[in-house]
A.B. asks: 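Sharing a structure here in structure tokens format.
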Amino acid sequence: MSDEKKNQPDVEKEALANEDVNEQMQVRLDKMHKLEEKGILPFGHAYQWTHHTKEVHDQVDAMETAGTVVKVAGRLLAIRGHGKTCFMDLQDKTGKIQLYVRKDELGEDAYSVVKLLDIGDIVGVEGTVFKTHMGEPSIRVQKLEFLSKALKPLPEKWHGLKDKEIRYRQRYVDLIVNPEVRDVFVKRTRIIQCIRQVLDDQGYLEVETPVLNTISGGATARPFITHHNALDIDLYLRIATELNLKRLIVGGLERVYELGRVFRNEGMDIKHNPEFTTLECYEAFGDFNTMMDLTEKIVTTCAEKVLGTLKIQYEGTEIDLTGPWPRMTMIDAVKKYSGKDFTGVKDVEVARQMAKEAGVAVEPAWGVGKIINAFFDEFVEKNLIQPIFITGHPKEISPLAKSSVADPEITDRFEGYIFGRELCNGFTELNDPLDQKERFEKQVEERNAGDDE
């Protein structure tokens with residue numbers, strides 16, 4: 001069977017779906033015009049609400065006893081009509097509430113507007129609070145104001161939005177039909193606020209540094225390139241905030257941080273996005289141990305303030321964030337999970353043989369350090385479920401980190417891991433300009449040899 005015939009049912013299904021949507025949109029347009037004929041603005045005006053739906057739920061008994069009149073506004077997610085009586089579900093940012101609408105309560109003209117409502121429309125209502133005989137908190141609507149018409153139908157009202165592609169590309173739709181997603185947004189904001197509070201309390205100064213740079217640096221990643229017309233030069237969207245923050249330390253600020261967007265022109269998966277937010281902080285007179293302590297403090301403080309606990313559930317696994325977090329060198333971690341011990345290995349041919357025995361793929365230009373890192377990626381990372389700091393990264397993969405006094409080929413660097421995912425990366429800064437120049441020259445050689453990063 002040809003691909004064209006094989007795909008025909010899907011094409012027909014999509015065409016029917018589009019036709020159905022177009023018909024629904026036409027019905028909504030007709031209702032919009034009827035609203036206009038009544039002198040009602042179909043796309044709204046300001047509305048002064050007095051309560052959110054959660055407040056009504058939380059205080060329903062007291063409000064019912066007192067005969068409290070409330071005004072709430074939000075989007076209609078369900079309409080159940082019964083002639084002269086109608087039930088609707090209204091959703092605002094805090095949750096949902098049931099509306100009880102009666103024709104004899106609103107009056108003939110106002111109730112005719114109810115007949116022109118669709119799921120997705122936004123309304124404001126005023127009324128008294130009560131519980132139904134089933135115990136459902138509700139509002140007996142005395143006044144209804146039409147605020148905005150939804151010309152497109154919402155997706156699958158009974159099943160929510162399941163298509164991940166649509167959910168990520170149309171977050172606003174995801175928020176409407178999957179209200180639990182809203183909680184993620186709220187928690188993220190509270191986490192950002194908490195991070196700032198911790199750093200501010202530690203004497204850090206928040207700064208903003210340029211997004212456009214004449215060179216790309218501060219991390220190993222392929223940059224996005226754009227063009228500045230006035231100067232007629234190419235510029236790079238930053239792949240890290242690192243270099244400019246370091247310049248501020250050189251200038252004498254001592255403690256600085258930035259929460260900012262960075263851009264990396266690379267692949268996309270569950271762990272990687274071409275643009276994302278990073279936190280970078282720098283402290284004069286400290287070292288990598290200082291930053292491990294700070295990182296742990298940020299995470300534990302935010303967990304306690306935002307979630308109220310240091311024990312969280314993630315994908316069916318309990319994660320205990322309680323400090324102090326254990327610390328393990330990369331070589332020890334590789335030995336534990338792969339059985340191969342790279343302690344004292346300096347000969348790249350020995351390292352290649354170890355990789356061959358373990359079935360780890362290596363590139364011809366790699367040194368011992370990159371081979372160790374390949375072992376770590378293959379055997380270790382996925383096993384780091386509970387919080388842990390991995391230290392002692394090879395110099396070959398740490399071009400900006402200071403070498404360890406005990407072993408010049410190992411750096412004073414750390415990465416924090418939780419649930420097999422890298423949470424952070426930090427190190428004692430390399431401040432020897434001669435050593436730094438030598439490492440940069442080595443990176444240029446690697447780039448010329450075909451390493452794009």
Side-chain angles (χ1 to χ4, degrees), residues 180-204 206 219 240-242 255-262 269-273 276-283 286-337 376-377 379-393 398 401 411-428:
E180 69 277 3
V181 174
R182 187 178 296 115
D183 189 49
V184 176
F185 281 73
V186 173
K187 282 189 171 70
R188 185 187 188 278
T189 294
R190 293 183 62 198
I191 289 169
I192 294 295
Q193 291 170 340
C194 182
I195 289 172
R196 285 194 165 103
Q197 187 65 57
V198 171
L199 291 171
D200 292 346
D201 289 346
Q202 295 287 320
Y204 281 80
E206 183 175 9
T241 57
E242 182 169 343
R255 293 185 181 187
V256 295
Y257 76 93
E258 180 171 10
L259 276 159
R261 303 293 277 186
V262 296
D269 58 36
I270 191 66
K271 298 180 185 179
H272 299 89
N273 208 46
F276 57 98
T277 301
T278 61
L279 164 67
E280 290 206 33
C281 47
Y282 292 84
E283 177 176 334
D287 64 9
F288 75 125
N289 292 300
T290 308
M291 303 314 286
M292 277 191 278
D293 293 340
L294 178 64
T295 301
E296 189 175 306
K297 182 177 181 63
I298 289 172
V299 174
T300 55
T301 302
C302 290
E304 287 182 313
K305 285 194 174 182
V306 177
L307 303 175
T309 179
L310 289 175
K311 294 183 178 180
I312 62 174
Q313 291 290 326
Y314 183 73
E315 295 190 4
T317 300
E318 182 177 88
I319 306 295
D320 188 352
L321 300 173
T322 306
W325 297 356
R327 302 175 184 186
M328 178 185 290
T329 69
M330 180 176 277
I331 286 177
D332 285 345
V334 167
K335 180 180 178 181
K336 178 178 180 179
Y337 292 105
F376 183 84
D377 291 343
F379 294 105
V380 181
E381 195 171 283
K382 60 190 175 186
N383 290 299
L384 304 179
I385 304 303
Q386 297 302 322
I388 187 172
F389 289 118
I390 298 296
T391 64
H393 296 63
S398 312
T411 60
D412 287 342
R413 176 183 169 187
F414 72 91
E415 290 178 312
Y417 285 86
I418 299 177
F419 203 76
R421 297 176 184 176
E422 181 188 336
L423 177 73
C424 59
N425 172 46
F427 41 83
T428 305

A.B. asks: How long is the gap from CG on Asn425 to OG1 on Thr278, to the nearest 0.5 Å?
C.D. replies: 11.5 Å
A.B. asks: Of all residues at least two apart in sequence or in a different chain, which pass the salt bridge (charged side-chain N to carboxylate O under 4.0 Å, His left out) check with Asp320?
C.D. replies: none
A.B. asks: Identify the two heavy atoms, one from Cys302 and one from Ile191, that lie closest to each other, and give their separation to 0.1 Å.
C.D. replies: SG-O, 3.8 Å
A.B. asks: Flag the pair Leu199 / Ile298 as yes when at least one side-chain heavy-atom distance between them is below 4.5 Å, and no otherwise.
C.D. replies: yes
A.B. asks: Applying salt bridge (Lys or Arg N to Asp or Glu O under 4.0 Å), which residue pairs with at least one partner in residues 295-306 are found, sequence neighbours left out?
C.D. replies: none
A.B. asks: Between Leu279 and Tyr257, is any pair of side-chain heavy atoms under 4.5 Å apart?
C.D. replies: yes
A.B. asks: With Gln313, which residues qualify under side chain to side chain contact (heavy atoms under 4.5 Å, CB included), at least two apart?
C.D. replies: Glu318
A.B. asks: Can you measure from CD1 (Ile418) to OG1 (Thr317) and round to the nearest 0.5 angstrom?
C.D. replies: 13.0 Å
A.B. asks: In Å and rounded to the nearest 0.5 Å, what is the CG to CG distance from Leu321 to Leu307?
C.D. replies: 8.5 Å
A.B. asks: Considering only heavy atoms from C-beta outward, does the side chain of Asp412 approach that of Asp287 to under 4.5 Å?
C.D. replies: no
A.B. asks: Taking side chain as C-beta onward, heavy atoms only, is Gln386 less than 4.5 Å from Ile319?
C.D. replies: yes
A.B. asks: Atom OG1 of Thr391 and atom CD1 of Ile331: how far apart are they, to the nearest 0.5 Å?
C.D. replies: 10.0 Å
A.B. asks: Asp293: what forms a side chain to side chain contact (heavy atoms under 4.5 Å, CB included) with it, not counting sequence neighbours?
C.D. replies: Arg327
A.B. asks: Write out all pairs satisfying side-chain hydrogen bond (donor to acceptor under 3.5 Å, both in side chains) with one or both partners inside residues 186-198, taking only residues at least two apart or from two chains.
C.D. replies: Asp183-Lys187, Arg188-Thr277, Arg196-Glu206, Gln197-Asp201
A.B. asks: If you look at every heavy atom in Gly203 and Arg255, which pair is closest and at what distance?
C.D. replies: O-CB, 3.8 Å
A.B. asks: Mind checking side chain to side chain contact (heavy atoms under 4.5 Å, CB included) for Asp332 and listing every partner two or more places apart, or none if nothing turns up?
C.D. replies: Met328, Thr329
A.B. asks: Under the rule for ring-ring contact (aromatic ring centres under 6.0 Å, His included), what residues qualify as partners of Phe376, not counting sequence neighbours?
C.D. replies: Tyr417
A.B. asks: At what distance, to the nearest 0.5 angstrom, does CG of Leu423 lie from CD of Glu415?
C.D. replies: 10.5 Å
A.B. asks: Is any side-chain heavy atom of Phe379 closer than 4.5 Å to one of Lys336?
C.D. replies: no
A.B. asks: Please enumerate all residues that pass ring-ring contact (aromatic ring centres under 6.0 Å, His included) together with Tyr282, with sequence neighbours excluded.
C.D. replies: none
A.B. asks: Given side chains that start at C-beta, do those of Met291 and Cys281 come closer than 4.5 Å, heavy atoms only?
C.D. replies: yes
A.B. asks: Once ring-ring contact (aromatic ring centres under 6.0 Å, His included) is applied, do any residues pair with Tyr314, and if so which ones, sequence neighbours excluded?
C.D. replies: Phe419
A.B. asks: Can you list the residues that meet the ring-ring contact (aromatic ring centres under 6.0 Å, His included) rule with Phe414, with sequence neighbours excluded?
C.D. replies: Phe389
A.B. asks: How would you list, by chain and number, every residue that makes a side chain to side chain contact (heavy atoms under 4.5 Å, CB included) with Ala240, sequence neighbours excluded?
C.D. replies: Ala219, Glu242, Arg264, Glu280
A.B. asks: Name all residues meeting the salt bridge (charged side-chain N to carboxylate O under 4.0 Å, His left out) criterion together with Arg182; count only those two or more places apart in sequence or in a different chain, and write none if there are none.
C.D. replies: none
A.B. asks: Grab the two heavy atoms, one from His393 and one from Ser398, that are nearest each other, plus how far apart they are.
C.D. replies: CB-OG, 3.4 Å
